[in-house]
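Down below is the structure, laid out as structure tokens.
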Amino acid sequence: MQKTTTTTPAAAAGTGAAASPAAAETADSVASMAATPSSSSSLTAASASQHSSNNSSERGSDSIIDSSGPAQKQQQQQKEDEQETTISTKHEPKSEQSMAIHYLASFHEICVVTALLPLVTLFTCFVTAYVFQYDDVHETHCRVYNIVPSISAITGVSPQRYFWRFSIALHIGPRIPIAFVYKNYYRAQLARLAPSLVPKTSWLITLILVLNCIEIAALGGVTYISNRENYPVHERIFITFMICSLCYMLATIKLNGILNARQTLTEQQRLSIKWKKILFVVSILSTIGLLVFFAKHRFYCHDLAFSWFAFFEYLIAIANMLFHFTIIWDFPSQFMVIVQGPRENLLQYLGAKPKLN
């Protein structure tokens, strides 16, 4: 007979009830174990995300610092360059940093003294020689009556000879730079001319400079080589002086006519041109009279021929001196300056100044 074991529902339920706490506990542990990796992974992910965010913030701050770094470095480099420039400037000599004016004189006054010096000296020699050395200055090779001594006669006796030579030496000194001042003065006005007239006018300016220099040299020659010492040489130098003087006057008048055509002139410029023309005409007429009476005296020994020759000689000399005296109207307010300083600074300073037109 087969034995059958049956389980009642109550027993089954009691078994299930008895086994349920252990199973529940086991399930909880399994669930907690299952939950623990997930939570740890979430913590790990959170910490990783926080770390990445920290890294990203650090990288962001680094990028900000790096982006601002070049500007700061550039500003710092500029400051260092300025400091080096300041230091180098302090160590440079003062003579290279500024210009110093050692001499400043009125060019107008220099020209007045230069032009009047031979005129005053000639008058002094004439008066003193005529009063105190009458016989010496009136002696001629014709032995005829004479009342007016020549310039060579009154400046060839002593002590007038030394006074005249000293005066001409002082006169010639400024005449040479004045000749070059005139050249630059005329060249500064070439800009107002038509291009077709510039070459011809420039050539005329150079001719005036050459004639002026030859006239100055001839004046020194007739002064220091008297007719008593070497008459043939004295005579040739005097002729050279006369020719160059007349050509210089004519060329100067012609040049002023070209430069001032259709220009509004000041009162001083009009006076200068007017008196230049008058003195040139006086010089031409006096030269004709001088040649006529020189021939009468040299070849015919007429009475008073030498006196008329001397008279026209004085007129020529005075007209020449006054012609150069018109410089007071050409340069009424200029100054002569001697400046010390770096050449670059001087060229920059002079280049910034307006030129005459």
Side-chain angles (χ1 to χ4, degrees), residues 101 103-125 164 166-190 192 204-205 207-220 223 241 244-261 263-284 286 314-338 353-357:
I101 298 177
Y103 181 76
L104 175 64
S106 172
F107 189 67
H108 177 84
E109 295 177 357
I110 292 175
C111 295
V112 169
V113 173
T114 302
L116 289 180
L117 189 61
L119 183 62
V120 174
T121 305
L122 183 66
F123 178 77
T124 305
C125 291
W164 174 251
F166 178 73
S167 174
I168 293 301
L170 296 178
H171 171 76
I172 290 176
R175 280 283 300 274
I176 296 175
I178 287 174
F180 286 91
V181 169
Y182 258 121
K183 184 202 74 170
N184 296 330
Y185 170 72
Y186 290 139
R187 286 192 180 278
Q189 302 180 54
L190 291 177
R192 67 174 63 164
L204 187 59
I205 292 172
L207 177 63
I208 289 174
L209 175 65
V210 173
L211 290 173
N212 199 358
C213 291
I214 295 175
E215 178 189 342
I216 295 169
L219 176 61
T223 300
F241 173 80
C244 291
S245 175
L246 294 174
C247 292
Y248 169 78
M249 292 180 180
L250 179 61
T252 301
I253 293 171
K254 177 66 175 176
L255 178 63
N256 278 279
I258 296 174
L259 295 176
N260 297 318
Q263 297 291 330
T264 303
L265 303 179
T266 63
E267 182 65 23
Q268 292 179 336
Q269 289 175 329
R270 286 194 292 268
L271 282 174
S272 177
I273 295 173
K274 172 185 174 182
W275 279 104
K276 280 182 172 68
K277 293 178 180 179
I278 292 174
L279 294 169
F280 174 69
V281 172
V282 171
S283 297
I284 289 292
S286 300
Y314 284 109
L315 284 182
I316 292 171
I318 294 172
N320 178 270
M321 296 174 190
L322 294 179
F323 187 92
H324 291 290
F325 190 72
T326 57
I327 194 174
I328 65 173
W329 292 311
D330 295 332
F331 302 102
S333 60
Q334 282 72 11
F335 292 89
M336 182 177 289
V337 184
I338 298 178
K353 295 298 159 185
K355 295 183 179 181
L356 294 174
N357 292 322

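Everything quoted here is computed from the prediction, not taken from an experiment.
- In this structure, the side chains of Trp275 and Phe323 stay at 4.5 Å or more apart for every pair of heavy atoms.
- Closest non-hydrogen pair, Pro118 versus Trp164, comes out as O-CZ3, 3.6 Å.
- Between Trp329 atom CH2 and Thr266 atom OG1 the span is 11.5 Å, to the nearest 0.5 Å.
- For the pair Asn320 and Ser283, the minimum side-chain heavy-atom distance is 4.5 Å or more.
- Counting only heavy atoms from C-beta outward, the side chains of Leu259 and Tyr186 approach each other to under 4.5 Å.
- In this structure, Phe335 and Phe107 have side chains that are not in contact, with every pair of non-hydrogen atoms separated by 4.5 Å or more.
- Atom CD1 of Ile172 is separated from atom CD of Glu215 by 10.5 Å, given to the nearest 0.5 angstrom.
- Side-chain contact of Gln268 with Asp330: a donor-acceptor pair under 3.5 Å is absent, judged by distance alone.
- Looking at Glu109, its side chain never comes within 3.5 Å of a backbone N or O of Ser106 through a donor-acceptor pair.
- When each of Ile178, Val181, Leu116 is checked for a side-chain contact (heavy atoms from CB on, under 4.5 Å) with Cys111, only Ile178 meets the rule.
- Using the six-membered ring where Trp is involved, Tyr248 and His324 have ring planes that are parallel, under 30° apart on the 30 and 60° scheme.
- A donor-acceptor distance shorter than 3.5 angstrom exists from the side chain of Asn260 to the backbone of Asn256, with no hydrogens or angles considered.
- Put simply, NZ on Lys277 and CD1 on Ile253 are 7.5 Å apart, with the number rounded to the nearest 0.5 Å.
- Put simply, CZ on Arg175 and CG on Leu170 are 13.5 Å apart, with the number rounded to the nearest 0.5 Å.
- When side chains are defined from C-beta on, Leu250 does not count as touching Ile284, because their heavy atoms never get closer than 4.5 Å.
- Proximity of Ile205 to Arg187: side-chain heavy atoms (C-beta onward) are separated by under 4.5 Å at one or more points.
- At least one side-chain heavy atom of Gln263 sits less than 4.5 Å from a side-chain heavy atom of Arg192.
- In terms of heavy atoms, Cys244 sits closest to Leu211 at CB-O, 4.1 Å.
- Considering every non-hydrogen atom in both Thr326 and Ser272, the closest pair reads O-OG, 3.8 Å.
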Start with the C-alpha gap between Leu209 and Tyr182, add the side-chain angles, then the distance that decides, and say whether side chain to side chain contact (heavy atoms under 4.5 Å, CB included) holds. CA-CA 8 Å; Leu209 175 65; Tyr182 258 121; over 6 Å; no
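- Leu265 CG to Lys274 NZ: the interatomic distance, rounded to the nearest 0.5 Å, is 14.0 Å.
- Nearest heavy-atom pair, Ser286 versus Ile316, reported as atom, atom and distance to 0.1 Å: CB-CG1, 3.4 Å.
- With His171 as the partner, the side-chain contact (heavy atoms from CB on, under 4.5 Å) test is satisfied by one option alone out of Leu119, Thr223, Ile216, Thr114: Thr114.
- Remark: Lys183 NZ is packed, more than 12 non-hydrogen atoms of other residues, nucleotides or ligands lying under 6.0 Å away.
- Annotation for Phe325 and Ala115: closest pair CD1-CB, 3.3 Å, computed over non-hydrogen atoms.
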Quick one: do His108 and Phe331 satisfy side chain to side chain contact (heavy atoms under 4.5 Å, CB included)? Show the steps, please. CA-CA 6 Å; His108 177 84; Phe331 302 102; over 6 Å; no
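- Residue Ile273 holds its CD1 atom at 11.0 Å from OG1 of Thr252, rounded to the nearest 0.5 Å.
- Put simply, the side chain of Ile258 reaches to within 4.5 Å of the side chain of Lys254, judged on heavy atoms.
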